[in-house]
Amino acid sequence: MGIDAEWLRAHIRELPDHPEPGVSFKDITPLLASTEAFAATIDAVSEPYTAPNSEHGEIDKVIGIEARGFMIAAPVAYRLGAGFVPVRKAGKLPWQVESEAYTLEYGAGELELHRDSIAEGERVLIIDDVLATGGTASASVRLAERLGGNVVGLGFLIELAFLGGRDRLPGHAIHSLVRY
């Protein structure tokens, strides 16, 4: 299918110095509000993983990273016929969890995943809105792999290439729609 990155970029609002000076926040709410742009985004993020033409094979679970990643990952999971697994900030999940610390461009934290959300050998796709430093993405990879999942790819709406997030995800297929 392919998608015009410039057309998508026109649906992303940039907010300078948010949440702190020197950071240019990428606001995806205009994209989410556009029926056409949102549908095109879900289709384009799903495309490399859509059977039967996918080199990645069938996807069993799609991980969505809190919080904006949920908005893309859940419809991608539906589109691929896979289960959806939320990765949340510490203390948000109600049952037994695996935890993993992470750092990012302007902070640090901890992510959690329910221990029973991924079975041994399941093929996992990780989705988030932005790949920046790779902190949350690499923490999510470690969580999925610790539970026995086989991470077959990572998909992002936006990649901030100048922050080098790909470097923290060696050996993993990465698909980004818009690069800055």
Side-chain angles (χ1 to χ4, degrees), residues 1-34 36-50 54-56 59 62-77 79-80 87 89 100-111 123-145 149-180:
M1 170 192 149
I3 192 161
D4 182 348
E6 290 307 312
W7 178 78
L8 271 185
R9 192 185 304 250
H11 291 85
I12 300 168
R13 180 175 23 230
E14 290 195 52
L15 302 170
D17 299 321
H18 180 78
E20 64 181 46
V23 175
S24 179
F25 185 79
K26 307 301 186 249
D27 178 12
I28 66 169
T29 58
L31 182 145
L32 297 172
S34 166
E36 186 179 14
F38 184 53
T41 297
I42 299 309
D43 289 345
V45 171
S46 302
E47 183 181 25
Y49 309 98
T50 304
S54 173
E55 65 186 63
H56 304 286
I59 303 298
V62 175
I63 286 178
I65 302 173
E66 186 169 336
R68 297 186 321 167
F70 292 174
M71 295 176 225
I72 299 168
V76 166
R79 176 106 165 35
L80 297 177
V87 168
K89 294 175 183 163
E100 185 70 33
Y102 67 93
T103 58
L104 44 81
E105 104 188 83
Y106 47 84
E110 188 174 354
L111 294 176
R123 299 174 59 76
V124 177
L125 171 62
I126 297 174
I127 301 291
D128 203 0
D129 63 320
V130 176
L131 173 58
T133 63
T136 56
S138 62
S140 296
V141 167
R142 290 189 300 274
L143 283 168
E145 290 176 345
N150 174 18
V151 177
V152 298
L154 294 99
F156 302 94
L157 168 56
I158 299 166
E159 181 175 350
L160 305 177
F162 62 93
L163 292 175
R166 282 180 183 257
D167 297 339
R168 292 179 76 175
L169 301 163
H172 292 284
I174 298 170
H175 176 65
S176 301
L177 301 183
V178 179
R179 294 185 76 184
Y180 289 89

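- By the side-chain contact (heavy atoms from CB on, under 4.5 Å) test, Ser176 pairs with Phe156, Glu159, Arg166, Ile174, Arg179, sequence neighbours left out.
- Inter-residue side-chain proximity for Ile127 and Leu154 is flagged as unmet; no heavy-atom pair is nearer than 4.5 Å.
- Using a 4.5 Å cut-off on side-chain heavy atoms (C-beta onward), Ile158 and Ile28 make contact.
- Interatomic distance, Ile63 CD1 to Asp128 CG, rounded to the nearest 0.5 Å: 11.0 Å.
- Looking at Val130 and Arg68, their side chains come closer than 4.5 Å, going by heavy atoms from C-beta outward.
- In terms of heavy-atom proximity, Val151 sits nearest to Ala144 at CG2-CB, 3.8 Å.
- When all heavy atoms of Gly155 and Leu125 are compared, the closest pair comes out as N-CD1, 4.3 Å.
- Looking at Tyr49 and Arg79, their side chains never come closer than 4.5 Å, going by heavy atoms from C-beta outward.
- In this structure, the side chain of Glu100 does not engage the main chain of Ala139 through any donor-acceptor pair within 3.5 Å.
- Proximity of Thr50 to Leu80: side-chain heavy atoms (C-beta onward) are separated by under 4.5 Å at one or more points.
- Distance check, rounded to the nearest 0.5 Å: CG of Asp129 to CZ of Phe70 gives 11.0 Å.
- Listed by chain and residue number, nothing satisfies the ring pair (Phe, Tyr, Trp, His ring centres under 6.0 Å) test with His175 (two or more places apart in sequence, or in another chain).
- Here the closest heavy-atom approach between residue Ile42 and residue Pro75 is recorded as CD1-CG, 3.6 Å.
- Between the NE2 atom of His11 and the CG atom of Asp27 there is a distance of 13.0 Å, given to the nearest 0.5 Å.
- Closest non-hydrogen pair, Ala73 versus Gly64, comes out as CB-CA, 3.4 Å.
- By the 4.5 Å heavy-atom criterion applied to side chains, Ser24 and Tyr180 are not counted as neighbours.
- The heavy-atom pair separating Ile3 from Ala44 by the smallest distance is CG2-CB, 3.9 Å.
- Residues Arg13 and Thr29 have side chains in contact (heavy-atom distance under 4.5 Å, counting atoms from C-beta outward).
- Atom CG of Asp4 and atom CG of Leu177 lie 11.5 Å apart (nearest 0.5 Å).
- A side chain to side chain contact (heavy atoms under 4.5 Å, CB included) with Leu131 is found for exactly one of Leu157, Leu169, Leu160, Leu163, namely Leu169.
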Exercise. For the pair Glu14 and Lys26, evaluate salt bridge (Lys or Arg N to Asp or Glu O under 4.0 Å) and give the outcome as yes or no after the intermediate values.
Key: CA-CA 5 Å; Glu14 290 195 52; Lys26 307 301 186 249; 3.0 Å; yes
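- Under the 3.5 Å distance criterion, the side-chain polar atoms of Asp17 are matched with a main-chain donor or acceptor of Gly22.
- Remark: Arg168 CZ to Thr133 OG1 distance equals 5.0 Å, nearest 0.5 Å.
- Between Ile65 and Thr136 the shortest heavy-atom distance is CD1-O, 3.9 Å.
- For Glu6, the side-chain hydrogen bond (donor to acceptor under 3.5 Å, both in side chains) partners are Arg9, not counting sequence neighbours.
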